[in-house]
Amino acid sequence: MSDATLSLIVLGAAVALFVWNRLPVAVVAVLTALALAATGVLTEQQALAGFGDPVVLFIASLFVLSDGLEASGVTAWAGRQLLARAGTGRTRVLVSLMALGALLAAFVTPNGAAAAGLPILALVARRADIAPSRLAVPLAYAASAGALLTLSGSPVNVIVADALQDATGRRFGFFEFGAVGAPLVVVTVVVAVLAGDRLLPDRQAATPEDGPAAIRPVPDRLGARAAWAVGVLVVTVALLASGAVGAATAGLAGAAAMVLTRATTATHALRAIPWETLVLIGGLVPLSVAIAESGAADLLADAVVGVVPEGDGRLLLVALFVLTVTLGQFVSNAATVLVITPIALAAAETVGVAAEPVLMLVAAAGAASFLTPIATPANMIVRDAGGYRFGDYWRLGLVTTGAWLVVVVVVVPLVWPLHPR
């Protein structure tokens, strides 16, 4: 049996286990890496290399930076300042809350933004007499869109930036994602404002007395710790934007500085790191390598290209968007992008499309986790605050996903030309 066939069998088994959802995702990832070694598709060293990959270290550092901003009160204070000017009108409140979620996500990931926004959401919902269920899902969706404003917004961005560097020697810039991220933030807000009340339930929180607002204070003013946290973030962003050092080096330096300046503590920072996510990514990096190097990516790319007329780059983008979004509703967005990336690159080469637009499309589609509560942790974080059931997400999520498809297919080729020059 060829390595390509074995890689596809391992891929199929991994996806099935993810969808089955009876095993922890980290266990599935570890089993995937071990299976690649056991079948001889990869050497033992290759199968375990993902756990020491710089992308894993960088992602861990992002959560420490996020924790420093949250522990020092910066995120909650920023939210209070923004929403204090929003008044009590439904549209102004919704737009302000979603803008807050998007801006926070650009620096503290969608999960951190959703968690930081919940106490603000609870306060403004009571003040404006708006059902939390009309605000919580839009907050999560805006956070997913805001993650596409900067490189540090999501592990997905880091994954595609590394893939581009491996494929072309060029890396997406720190703010380059914003060229597609900003329009997606705008369209996400517009859809929520126009259709949110019709497509979301009118329901109170499941456990309002035990929600985040009851245990997370929102400070009136910032202290010295907050000033240090902001300073560390600014320096870290400057290092990432300049490219003076590698992303992992800049991230780890920023994380260490958050602890040294006492913006957060070492114990708190370690607790803030989602170890399951890191193990998930570390275990699936070898699968991405195996799919690319065994020829499996070419086989899957041929299937994708089979529905795309020769040379039609826009239809390729549509096909990859649908494939990525479909898988991403049941498998984590990081895992989805790790699997889809080599397939997308192989399909792009076959059709004659450049790597940049295809990878940016995959990043955007990977962030479009709107149809189920399990699609992304941000959706789960807001579930209790909005009193949601499993089927409450897909109505607004489907409209938002359709709007994203239109924006991405239009904007991406304008910024990153489809055909190499």
Side-chain angles (χ1 to χ4, degrees), residues 59 61-83 86 93-125 132 135-158 174-175 177-178 181-182 184-186 188-189 192 211-213 216 218-219 226 229-230 233 236-237 254 258 264 272-274 277 332-334 363-364 366-370 373 375-386 393 397 400:
I59 291 167
S61 71
L62 293 180
F63 284 95
V64 177
L65 289 167
S66 171
D67 179 62
L69 294 172
E70 184 175 356
S72 62
V74 172
T75 52
W77 177 86
R80 182 164 189 158
Q81 298 306 306
L82 178 64
L83 293 178
V93 165
L94 182 59
V95 171
S96 297
L97 184 66
M98 294 182 74
L100 169 67
L103 290 173
L104 288 178
F107 299 101
V108 300
T109 76
N111 305 340
L118 283 185
I120 307 298
L121 182 152
L123 290 174
V124 75
L135 299 175
V137 153
L139 170 64
Y141 290 0
S144 292
L148 289 165
L149 293 174
T150 65
L151 172 66
S152 64
S154 168
V156 166
N157 301 353
V158 181
F174 186 83
F175 293 106
F177 290 87
L184 289 176
V185 169
V186 172
T188 303
V189 172
R216 280 184 171 180
V218 181
V230 171
L233 177 66
T236 304
V237 169
M258 282 292 187
T264 187
I273 296 174
T277 298
S332 80
N333 52 12
S369 304
F370 303 137
T376 177
N379 290 0
M380 291 293 292
I381 286 170
V382 303
R383 184 182 59 176
D384 288 342
Y393 289 76
T400 306

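Just so it is clear, the structure is predicted and the values come from calculations on it, not from any experiment. All residue numbers in this chain count up from 1 along the given sequence.
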Participant: Nearest 0.5 angstrom please: Leu233 CG to Ser72 OG, how far?
Facilitator: 10.0 Å
Participant: Please examine the side chains of Leu139 and Leu135, heavy atoms only from C-beta on, and report whether any two atoms are closer than 4.5 Å.
Facilitator: no
Participant: Provide the closest heavy-atom pair for Ala143 versus Ala113 in the form atom of the first, atom of the second, distance.
Facilitator: CB-CB, 4.1 Å
Participant: Please give me the minimum heavy-atom distance between Phe177 and Ala363, naming the atom from each residue.
Facilitator: CE2-CB, 4.5 Å
Participant: Mind listing the closest non-hydrogen atom pair of Val230 and Leu69 along with its distance?
Facilitator: N-CD2, 4.4 Å
Participant: Would you mind reporting whether Thr188 and Met98 have side-chain heavy atoms less than 4.5 Å apart?
Facilitator: yes
Participant: Rounded at 0.5 Å granularity, tell me how far CG in Leu149 sits from CG in Asn157.
Facilitator: 9.5 Å
Participant: Would you confirm whether Tyr393, through its side chain, and Asn379, through its main-chain N or O, come within 3.5 Å as a donor-acceptor pair?
Facilitator: yes
Participant: Do Leu148 and Ser154 touch side chain to side chain, with heavy atoms closer than 4.5 Å?
Facilitator: no
Participant: Search all heavy atoms of Ala229 against all heavy atoms of Gly68 and return the closest pair with its distance.
Facilitator: CB-O, 3.9 Å
Participant: Going by heavy atoms in the side chains, are Phe174 and Val237 under 4.5 Å from each other?
Facilitator: yes
Participant: What are the two closest heavy atoms between Ala364 and Leu184, and how far apart are they?
Facilitator: CB-CD1, 4.2 Å
Participant: Closest approach of Val382 and Ala114, non-hydrogen atoms and distance?
Facilitator: CG1-CB, 4.3 Å
